[in-house]
Amino acid sequence: MKITVLGCGALGQLWLIALLRQGHELQGWLRIPQPFCSIDLQDTDGTIYNESIIANDPDFLAQSDLLLVTLKAWQVSDAVTPLAKKLPASSPILLIHNGMGTREELSRVEQPLLMGATTHAARRDGSVITHVANGITHIGPANPQGKDYSDLAEQLHQALPDVAWHDDINASCWKKLAVNCVINPLTALLDCQNGELRHHPDQIDEICQEVAQVMVREGYHTSPESLRYFADQVIDSTAENISSMLQDIRMQRHTEIDYITGYLLRRARAHGLVLPVNNRLYERVKRKESEYERIGT
Ligand code: KPL
């Protein structure tokens, strides 16, 4: 396959290397156009990959069989909209990011749109990307044109296992959203590793109760207890991690709070629900963000 990867950060580089190793033809797409994109990745087994691949070639984009998007949620819509105009109408666009809400922003794209939620963990250490932990990537349709891409899921699985196809991806996205609603704002505000949250069971319970209320209204069969169980599992398996939101706060970058807790609050409002705990967390993260964003402007 010919694949353009939009976003060459930690997750983007992970996919670029995995797909290159499977013999696919790849290009990167960078927000600041450059002729090449360099990959510097250390895999979970310690293997180091250094590659340089072409980037931002519009002809390559016009012939791509897939546009894989690994940007942060808040960057997706502005970056994908112009590229979708040049991508063949039959080539799917796969979005892999934390949070929800980009599907609504891209409701006008012609192409089949697919959503992905992953538990692979990768982080940037200076200029090197470290693949910290293997995981599973759940993908499925985000618009009616994206209905059956289970063959694509199989090809992606060959490159970076595990990949699972879901006819209803929303359920997986909501489950991941619940975990992100717990771990991301709490670690960002407490300035701690994920594992430290084991000492804050009451706050986790309160968040899960509110998330479960919204999920039930959205039509998902869940309970605060099952969300709590899932969140605890992720806290344990990523105990040493610095969550992406805490990394963003430490680097004074824009966070994904509007697509995580913010999305939850928007859906709650649509159902006439009030979520005081998540609302407070949202406000506190926004306040932190605005402190440095104000200084930066
Ligand atoms: O997705 C994550 C993130 O950091 O954004 C979790 C699952 C919380 C792992 O750190």
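When a ligand or atom number is given, it counts from 1 through the structure's own listing order. Not measured: the values here are computed from a predicted model.
Taking every non-hydrogen atom of Lys176 and a distance limit under 4.0 Å, the qualifying atoms of ligand 1 come out as 1 (O). Within ligand 1, counting atoms from 1 as listed, the ones closer than 4.0 Å to a heavy atom of Ser243 are 4 (O), 10 (O). Atoms of ligand 1 found under 4.0 Å from any heavy atom of Ile183 (numbered from 1 in listed order, with element): 8 (C).
Using a 30° and 60° split on the angle between ring planes, His254 and Trp74 fall in the perpendicular class, above 60°.
Within the structure, the closest approach of Met245 to ligand 1 does not fall below 4.0 Å when heavy atoms are considered.
Scanning both residues, Ala89 and Pro112, for their nearest heavy atoms gives O-CD, 3.5 Å. The two residues Asp162 and His120 come nearest to each other via the heavy atoms N-NE2, 4.4 Å. Counting all heavy atoms, side chain and backbone alike, His166 lies closest to Pro141 at O-CD, 3.3 Å.
The single protein non-hydrogen atom nearest to atom 7 (C) of ligand 1 is Val234 CG1, 3.8 Å, given as residue, atom name and distance. Annotation: atom 3 (C) of ligand 1 to nearest protein heavy atom, Ser244 OG, 3.4 Å. In terms of protein heavy-atom proximity, atom 6 (C) of ligand 1 is nearest to Asn180 ND2, 4.0 Å. Of the protein's non-hydrogen atoms, the one nearest atom 10 (O) of ligand 1 is Asn194 ND2, 3.0 Å.
Only the side chain of Asn184 comes within 4.0 Å of ligand 1, judged by heavy-atom distances.
With a 4.5 Å cut-off on side-chain heavy atoms, Thr70 and Val5 count as touching.
Residues in residues 221-245 take part in these salt bridge (charged side-chain N to carboxylate O under 4.0 Å, His left out) pairs, two or more places apart or across chains: Arg198-Asp236, Asp205-Arg228, Arg228-Asp232.
In this structure, the separation between CD1 on Ile139 and NE2 on His157 is 11.5 Å, given to the nearest 0.5 Å.
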